[in-house]
Amino acid sequence: MYKVMLVDDDYPVIQLLSETIEWEQLGVSLQSTHENGASAFEKAMSEMPDILITDIGMPKMNGIELTKKLKEQNPNLNVAILSCHADFAFAQQALKLQVQDYLIKDTFDPADLRKLIKKFKETLDEQNTKMNKHLQIQSLLNQNKESVKERFIKKTIEQPDMNEDHWLAEAKSLGLHLDQSAYIGSLGMIHHYSSVKELYVSEDTLNFAINNVVAEEIKRCYPGAVHFQYAIKGLFVFFPSSLILKRNAFTEAMECMKRIQHALKRSLNISLSFITGDGCRDLSEFKQELVHLINGCHQRFYLKPGTIVEQKEAREAPTEDLFSRYDEAAAEMRELIMLRDEARIAEYVTKWVNFLEENQFAPELVKDWVLKLLLDLRVKLHALQLFRSQQTIDYMHNEIFEIQFLDELKSWLLNYFHSILSFVKEVYEQTKRKEILDAFKYVTMNIEKKITLDEVSSYLYLNPSYFSRLFKKEVGETFVEYVTKMKINRAKELLEQTTDSVGKICERLGYDNQSYFIKIFKNYVGVTPIEYRGGKA
């Protein structure tokens, strides 16, 4: 979706346009609003808009200056000037900057702006179509060269024995002169790759665009550096450097990496993070540099977009604290969904992502933990007749394990919980038997208390006999059978996830008689609680 930036020092104008223009329906999003050109320029440097709607006479930086600066960064920027008659003398300057339209505030009609945005969108669509066709052609021409470079890296990593003279000759043909200079290697990884690739016709086209931008930036800021594509989500860059003055060499290389990051963000809206290695002087050290950078998945997982860090020594990640907090996270998640409180989604996800980041757990362990949480939620929602997923468990597993960074996992979870909550709300709104859904909710929220039919009937303001008949008719089992089943499911969770004794679990779930609890557990599960826990060990 194309991004629109709105700039005007007259706040009522900003408010009017923000509220009266149906941005999303027009196929664009209102990226940001600003009351002066300087603020707009600063924002554009981190997130370049596709469409600029700006006043002219503003403090700090006027609209003509802003347009000129942004056009230098993005020549394809579509611009509309929205100004007063008194500013009409600026119209000639605007035309020189190839401003697409000049709207007068005194005669302004929001319908005119709607038409203009539609025209801008058509222009941008046409430009993107042409650009993609051009990139496809260029991609085919350059694909062979990049494939050779990629095979060179793969062969270097995987082949145990290589003739160093032959290898050095091939490296030299690709721009690496290890017989003349040492190199500092770095691995760059693309954040939110799945979202990025949706904007391109194919991965080949995207990879060509990335390689093209990186090559151009290296040529400008660090001639002699060489980049290689790594898999589909990253790239290696090797900077010729003196390892004797390693700190100076790293500083120079880092400046180039920053330029690469900025260029990719500005031109392709791609966020890239880098991890740099120790440096290499020959085939053996070059191979070691590659392997160490690739194996640094733990450090990489916790990188924020746009960061550059030196590689750290691998350390053993903590494990015990993560699953000890599972029960707490699961309970909060159930409460969040059952209360249908969308405002708490961000708070919940942020809390647990911060916990993961503070403790730096192993990425594979984090993904296992998250997947277990979501699968448990899925099972509970199915049991409550609130959710029937079209996605298979394998699909969810693959989605989570494809995620490369913690910040991506956070975005994925926010989207997932919003979609689940939206579906649950829809079920609540559509069903004719809200009493049953409210009973499900009550049981889920109070599963670790003693729950009676009279108590729930009172909560629902229903006659106990009527509620009992209604529940059996709608659910297919009695209310007591349903509560028992849910308590046994909770008991299984506690046996798996805690070290609590059977007696403590029995008491925690509101049972007064441990022998009775063990008996009904065996009736439902087929084994005693102790046998169940032993079988899961």
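Put simply, the side chain of Phe405 does not reach to within 4.5 Å of the side chain of Lys410, judged on heavy atoms. Side-chain contact check for Leu52 versus Phe120: every heavy-atom pair is 4.5 Å or farther apart. Put simply, the side chain of Glu289 reaches to within 4.5 Å of the side chain of Phe238, judged on heavy atoms. No side-chain heavy atom of Val370 sits under 4.5 Å from any side-chain heavy atom of Tyr416. Side chains of Ile275 and Gln299 form a contact here, defined as non-hydrogen atoms less than 4.5 Å apart. Using a 4.5 Å heavy-atom cutoff, the side chains of Ser194 and Glu399 are not in contact. At least one side-chain heavy atom of Leu303 sits under 4.5 Å from a side-chain heavy atom of Val309. The closest side-chain heavy-atom distance from Gln261 to Ile308 is below 4.5 Å.
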- [ ] Could you check Ile51 against Met5 for side chain to side chain contact (heavy atoms under 4.5 Å, CB included), going step by step and ending with a plain yes or no?
- [x] CA-CA 6 Å; Ile51 299 170; Met5 179 178 282; over 6 Å; no
Open item on the list: With side chain to side chain contact (heavy atoms under 4.5 Å, CB included) as the criterion, how do Cys280 and Gln288 come out once you've worked through the C-alpha distance, each side chain's angles and the decisive distance to 0.1 Å?
Closed with: CA-CA 8 Å; Cys280 52; Gln288 188 178 43; over 6 Å; no
Open item on the list: side chain to side chain contact (heavy atoms under 4.5 Å, CB included) for Met396 and Leu371? Distances and angles first, verdict last.
Closed with: CA-CA 8 Å; Met396 183 185 288; Leu371 185 63; 4.0 Å; yes
- [ ] Please assess Leu322 against Leu365 for the test side chain to side chain contact (heavy atoms under 4.5 Å, CB included), listing each intermediate value before the final yes or no.
- [x] CA-CA 8 Å; Leu322 182 54; Leu365 188 69; 3.5 Å; yes
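Rounding to the nearest 0.5 Å gives a distance of 5.5 Å between CE of Met45 and CG of Leu70. Between atom CG of residue Leu409 and atom CG of residue Leu356 there is a gap of 7.5 Å, rounded to the nearest 0.5 Å. Rounding to the nearest 0.5 Å places CD of Glu408 at 12.0 Å from OH of Tyr193. The distance from the CG atom of Leu406 to the CG atom of Asn354 is 8.5 Å, given to the nearest 0.5 Å. In this structure, Leu206 CG and Lys233 NZ are separated by 12.0 Å, a value rounded to the nearest 0.5 Å. Note: Leu6 CG to Leu30 CG = 6.0 Å, rounded to the nearest 0.5 Å.
A salt bridge links Lys304 to Glu357: at least one charged side-chain nitrogen sits closer than 4.0 Å to a carboxylate oxygen. Taking 4.0 Å as the cut-off between side-chain N and carboxylate O, Arg325 and Glu328 count as a salt-bridged pair. Ion pairing between Glu402 and Lys367 fails under the 4.0 Å rule for side-chain N and carboxylate O. A salt bridge does not link Lys265 to Glu47: none of the charged side-chain nitrogens sits closer than 4.0 Å to a carboxylate oxygen. Between Arg220 and Glu217 there is a salt bridge, since at least one side-chain N of the basic residue sits less than 4.0 Å from a carboxylate O of the acidic one. Here Glu332 pairs with Lys351 in a salt bridge; the nearest charged N to carboxylate O distance falls below 4.0 Å. Between Glu255 and Lys258 there is a salt bridge, since at least one side-chain N of the basic residue sits less than 4.0 Å from a carboxylate O of the acidic one.
What you find for Gly188 and Leu272 is that their closest heavy atoms are C-CD1, 3.9 Å. The two residues His177 and Gly175 come nearest to each other via the heavy atoms CD2-O, 3.4 Å. When all heavy atoms of Leu374 and Trp412 are compared, the closest pair comes out as CD1-CZ3, 3.4 Å. Heavy-atom minimum distance, Gly63 versus Thr67: O-OG1, 2.7 Å. Minimum interatomic distance between Val7 and Ala40 (heavy atoms only, all atoms of both residues): CG2-CB, 3.6 Å. In terms of heavy-atom proximity, Ser18 sits nearest to Trp23 at O-NE1, 3.4 Å.
Here the two rings, on Phe361 and Phe355, have centers that are under 6.0 Å apart. Aromatic pair Phe228/Phe236: ring centres not closer than 6.0 Å. With ring centers used as reference points, Tyr222 lies under 6.0 Å from Phe239. Here the two rings, on Phe417 and Tyr348, have centers that are under 6.0 Å apart.
A cation-pi arrangement is absent between Arg281 and Tyr183 under the rule of less than 6.0 angstrom and at most 45 degrees off the ring axis. For the pair Lys121 and Tyr2, the NZ or CZ position fails the cation-pi test of under 6.0 Å to the six-membered ring centre and within 45 degrees of the ring normal.
Judged purely by distance below 3.5 Å, without hydrogens or angles, the side chains of Ser271 and His191 never pair a donor atom with an acceptor atom. At a cut-off of 3.5 Å, with distance as the only test, a side-chain donor of Asp407 or His192 sits close to an acceptor on the other residue.
Counting only distance, with no hydrogens or angles, the side chain of Asn78 and the backbone of Asn76 share a donor-acceptor pair below 3.5 Å. Looking only at distances, a side-chain donor or acceptor of Arg300 sits under 3.5 Å from a matching main-chain atom of Leu293. Here the side chain of Asn62 pairs no donor or acceptor atom with the backbone of Met58 at under 3.5 angstrom. Judged purely by atom type and a 3.5 angstrom limit, Asp50 uses its side chain to pair as donor or acceptor with the backbone of Lys3. Without hydrogens or angle criteria, Lys71 side chain to Leu77 main chain gives a donor-acceptor distance under 3.5 Å.
Counting heavy-atom neighbours within 6.0 Å of Glu22 CD, excluding the residue itself, gives a total above 12.
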